[in-house]
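Taking it in order: structure first as structure tokens, then the write-up.
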Amino acid sequence: MKPHSLRYTLIFAALAVLTLLGGGIWFLSGHSPAVWTASAPKEAKSPAVLPQQQIVQSTLPEITPPPVSEVLSQRVVEYHMDVQLLADTGTLTASETVTWIHPGKNPVQELYFHLYPNAFASGNTTFMKESGGTLRGDSMPAGGYGSLTLTDLRTSEGISLMQRTQYVQPDDGNVNDKTLLKVHLPQPVNGGESVTLKLQFEVKLPKIFARMGTAGNFVMAGQWFPKLSVYEPAGTRGAQEEGWNLHQYHGTSEFYSDFGIYNVTISVPSDYKVAATGFPVKNARLVQDRKIYQFYADDVHDFAWAASPDFVVAEKAFSAPQVPGVKIKLYLDPLHKDLQERYFQAAEAALTAFSKWYGPYPYSTLSIVVPPESGNGAGGMEYPTLITAFGAAEASPGTSLERTVIHEIGHQYFYGMVASNEFEEAWLDESFTSYAEDRLMEQEYGVASSLPLQSSLVSSSQPLNLETWKYTGDDAYTRNVYIRGKLVLRDIERLAGAKSMDAILAAYTRKYRFKHPSTADFQKIVEKVTKQSWQTYFDQYVYSGGAPDFTVDDIRLTAKRDGGNGAGIQYDAVVEVSNKGSHYGDVPVKFIFSDGYSVQQYWNGEGKTTSFELSYKAPLVSAEIDPGHSILLESKHLNNFRMAELEHTTLSRWTLSATTLLETLLGTLVW
């Protein structure tokens, strides 16, 4: 886009305003000064202005030039919002001014908004029907429903659009689902142009469930405002044609949004403390019995906040080689007020390692919210520059405290900066974050995950790039997107080597920083780094639900007198093995003989079956495929082991060692 003629005027005006208001806070907060967008789009034409008496003067806040900052993303959206929390009723009343810059070429006359709170409006919404009213061990509290009501919608000239709205259900046609709203504009918006709408709305917060709501005096406002869908230009995530990416809110789906600017004013009761995305523009001020906060964030694709009068707040400035400077803020439930050091240490370890591995953390703040136990439905969740830990249930938790913090900070990279489409390719966030979490937990705390145990849980392997609501079977979404996807990454690491895997992830996260990559984009990075095709592998294990299934089918033994001077007995064995699942090469097979001797050979995986022929002075006792469980994509291990049929005396001598082996094997089946 072309440079804007008012660019420098805006810069100096913004700096002057900041100076008058104590603008030094920008520097003290660690937020680097920079510029608005490098160019400004034309605003879409509106129809002839209505007669003066028909124009409704909006009470929404006027759009002001945003603080100057380095532009890291294509800032497609800009939100200015003013929200009040009515704590007694658990209600939000809010206004919103949103500007959308058309990133494509074709004229667009319809905008689409996600109204996520409407997922909790009744038991008949798509989310509630698919989830059954439970998510991550939490259940929708009785009478805990909530929803979003749009009370006004206008153009920037004051023209009402309320009669131009329609709820749409592109995924399932459920007329009771009102999580996606279409707005028909008076005039089309051409590529490169912008359009500004002004909204007013109310949110009746649900009782905390599925990441948002209220629990006593704790409030989690996640996905709380009308949020524009993503318009994908041709080429984005492999799209052949440009257009809106439209989905309802499903029982297993999360989110997908465009990068932009957020300027949000939050009014709460005077005794409340607020944690939010971004950083405070100025200190909170008291106005009568209300406390007013103002937060700003850029190059983010969502805005969330939490509030409670009970928060114990702590802050710490932190920097590392790839973390120029960040203020870590803790908003702790009182039960965890003495655990500040553990939270800080986990956050510092995560920022240091992930910034080294996946690129510098670019924001000046990171807020960690610890809900009360009753608010655990909002725990363990990620938002730009803000995460929630699990609810405080005990004063001395185990390393699940650190694991949760590390996992959610990992999302700042794979959900936050590498902004994957979590409706359609959730594994690009959850699997990658889980992979990073495991690596750091082992490095920092010496806690290694039992990957063979986890692989045994994947009873139904399904494609990793499925739309989330299309996974079938109990917990199939979780077991594929969180576990199998992570195991695929570990398997790529095993096949390519640890150094190559480090290079793959470094190249991927840096190339697609502040973009919307696809699984195919990741595959291209794998192939570029390793300099070989991975098409067959991805076809089997990523784009389909492939999984190897090895089995020892038969062991045949024969004995003959040794023709040598020793005149002993020579035992021959033929072991037949097969793979009833997807192709996999370099398969280890271990053979154990009755005198304790063992040998390991390898099958190249070609064909569905093969046989091994062995001769030894003692009879073969057992054969086992993949004894070290290094092939993580196989979940059915029990048929990997087979004992030979031996004479009773020989079998008795070997009972103890066989029992030990079986116990080891069966241990991999317990989670």
Side-chain angles (χ1 to χ4, degrees), residues 1-4 35-45 66 70-79 98-114 168 170-171 180-185 187-197 226-248 253-262 298-302 362 384 414-426 428-429 465 467 507-525 528:
M1 294 183 287
K2 295 181 180 179
H4 193 282
V35 188
W36 196 7
T37 47
S39 60
K42 299 177 181 178
E43 187 166 0
K45 295 180 180 179
E70 180 185 0
V71 178
L72 302 176
S73 67
Q74 183 182 11
R75 297 175 177 176
V76 175
V77 290
E78 182 174 333
Y79 292 88
V98 57
T99 299
W100 178 71
I101 304 171
H102 188 346
K105 299 178 180 179
N106 300 333
V108 169
Q109 199 162 355
E110 293 169 337
L111 300 184
Y112 292 84
F113 286 88
H114 292 288
V168 294
D171 298 326
L180 190 61
L181 182 73
K182 179 174 71 174
V183 179
H184 187 78
L185 300 173
Q187 294 291 331
V189 184
N190 297 313
E193 291 182 342
S194 70
V195 61
T196 298
L197 299 183
K227 184 163 58 171
L228 281 167
S229 300
V230 176
Y231 189 90
E232 297 182 323
T236 303
R237 300 175 49 254
Q240 297 298 312
E241 297 180 358
E242 66 179 72
W244 291 102
N245 187 271
L246 301 176
H247 296 295
Q248 299 155 240
S253 68
E254 292 192 19
F255 314 104
Y256 180 41
S257 308
D258 262 321
F259 289 98
I261 294 170
Y262 288 84
D298 52 29
D299 300 311
V300 297
H301 50 70
D302 197 7
F414 295 104
Y415 147 86
M417 286 173 269
V418 182
S420 309
N421 183 337
E422 293 186 293
F423 290 113
E424 299 179 3
E425 297 179 287
L428 290 176
D429 174 36
N465 61 336
E467 293 167 324
Y508 172 69
T509 51
R510 284 165 171 80
K511 179 177 177 63
Y512 293 106
R513 193 175 175 91
F514 299 106
K515 296 181 176 66
H516 302 300
S518 66
T519 299
D521 293 323
F522 174 65
Q523 179 187 337
K524 292 174 184 176
I525 295 295
K528 182 176 181 180

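Keep in mind that what you see is a predicted model, and the values were worked out from it rather than measured. Positions are given from 1 along the sequence. All heavy atoms count here, side chains included; hydrogens, waters and symmetry mates do not.
Partners of Asp258 by salt bridge (charged side-chain N to carboxylate O under 4.0 Å, His left out), not counting sequence neighbours: none found. Residues forming a side chain to side chain donor-acceptor pair (under 3.5 Å) with Asn421 (at least two apart in sequence, or on another chain): Asn245. With sequence neighbours excluded, the residues satisfying salt bridge (charged side-chain N to carboxylate O under 4.0 Å, His left out) with Glu467 are Lys470. Here Arg237 pairs with Glu232, Glu424, Glu425 under the salt bridge (charged side-chain N to carboxylate O under 4.0 Å, His left out) rule; sequence neighbours left out. Under the rule for a salt bridge (charged side-chain N to carboxylate O under 4.0 Å, His left out), Glu422 has no partner lying at least two apart in sequence or in another chain. Residues meeting the ring pair (Phe, Tyr, Trp, His ring centres under 6.0 Å) test with Tyr415, sequence neighbours left out: His301. Every residue two or more places apart in sequence or in another chain that forms a side-chain contact (heavy atoms from CB on, under 4.5 Å) with Pro233 is listed here: Pro103, Thr236. Take Ala234 and apply the side-chain contact (heavy atoms from CB on, under 4.5 Å) test, not counting sequence neighbours, and it matches no residue. Residues meeting the side-chain contact (heavy atoms from CB on, under 4.5 Å) test with Val77, sequence neighbours left out: Tyr79, Trp100, Leu228. In this structure, the ring pair (Phe, Tyr, Trp, His ring centres under 6.0 Å) partners of Tyr508, at least two apart in sequence or on a different chain, are Phe432, Tyr512, Phe522. For the ring pair (Phe, Tyr, Trp, His ring centres under 6.0 Å) test, residues two or more places apart in sequence or in another chain that qualify with Phe423 are His114, His247. For Ser73, the side chain to side chain donor-acceptor pair (under 3.5 Å) partners at least two apart in sequence or on another chain are Asp299.
In this structure, Leu197 and Leu185 have side chains that are in contact, with non-hydrogen atoms separated by less than 4.5 Å. Between Val183 and Phe113 there is a side-chain heavy-atom pair separated by less than 4.5 Å. Side-chain contact check for Val300 versus Tyr262: some heavy-atom pair is nearer than 4.5 Å. Contact of the Pro517 side chain with the Val418 side chain is registered, since non-hydrogen atoms from C-beta on lie closer than 4.5 Å.
Here the shortest heavy-atom pairing between Pro170 and Leu246 reads CG-O, 3.8 Å. Nearest approach of His102 to Gly104, heavy atoms of both residues: ND1-N, 3.0 Å. When all heavy atoms of Gly192 and Ile101 are compared, the pair lying nearest together is O-CG2, 4.2 Å. The shortest heavy-atom contact between Leu180 and Ser229 is CD1-OG, 3.7 Å. Between Leu428 and Thr519, the shortest heavy-atom distance links the atoms CD1-N, 3.6 Å. A pairwise comparison of heavy atoms in Phe514 and Pro362 identifies CZ-CG, 3.9 Å as the closest pair.
Atoms CG and CG, on Asn190 and Asn106 in that order, are 9.5 Å from each other to the nearest 0.5 Å. Leu181 contributes atom CG, which lies 10.0 Å from atom CG of Leu111 (distance to the nearest 0.5 angstrom). Of the inter-residue distances, the one linking Lys528 atom NZ with Gln523 atom CD reads 14.5 Å to the nearest 0.5 angstrom. Note: Gln109 CD to His184 NE2 = 4.0 Å, rounded to the nearest 0.5 Å.
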Handout entry: Intermediate values then yes/no, side chain to side chain contact (heavy atoms under 4.5 Å, CB included), Phe259 and Asp302
Key = CA-CA 8 Å; Phe259 289 98; Asp302 197 7; over 6 Å; no

Exercise for the section: Apply side chain to side chain contact (heavy atoms under 4.5 Å, CB included) to the pair Tyr231 and Val108, showing each step before the final yes or no. Expected result: CA-CA 10 Å; Tyr231 189 90; Val108 169; 3.5 Å; yes

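Checking side-chain atoms of Glu78 against main-chain N and O of Gly260 turns up no donor-acceptor pair under 3.5 Å.
Applying the 6.0 Å contact sphere to NZ of Lys515 captures more than 12 heavy atoms from other residues, nucleotides or ligands.
Looking only at atom types and distance, the side chain of Ser194 has no donor-acceptor partner in the side chain of Thr99 under 3.5 Å away.
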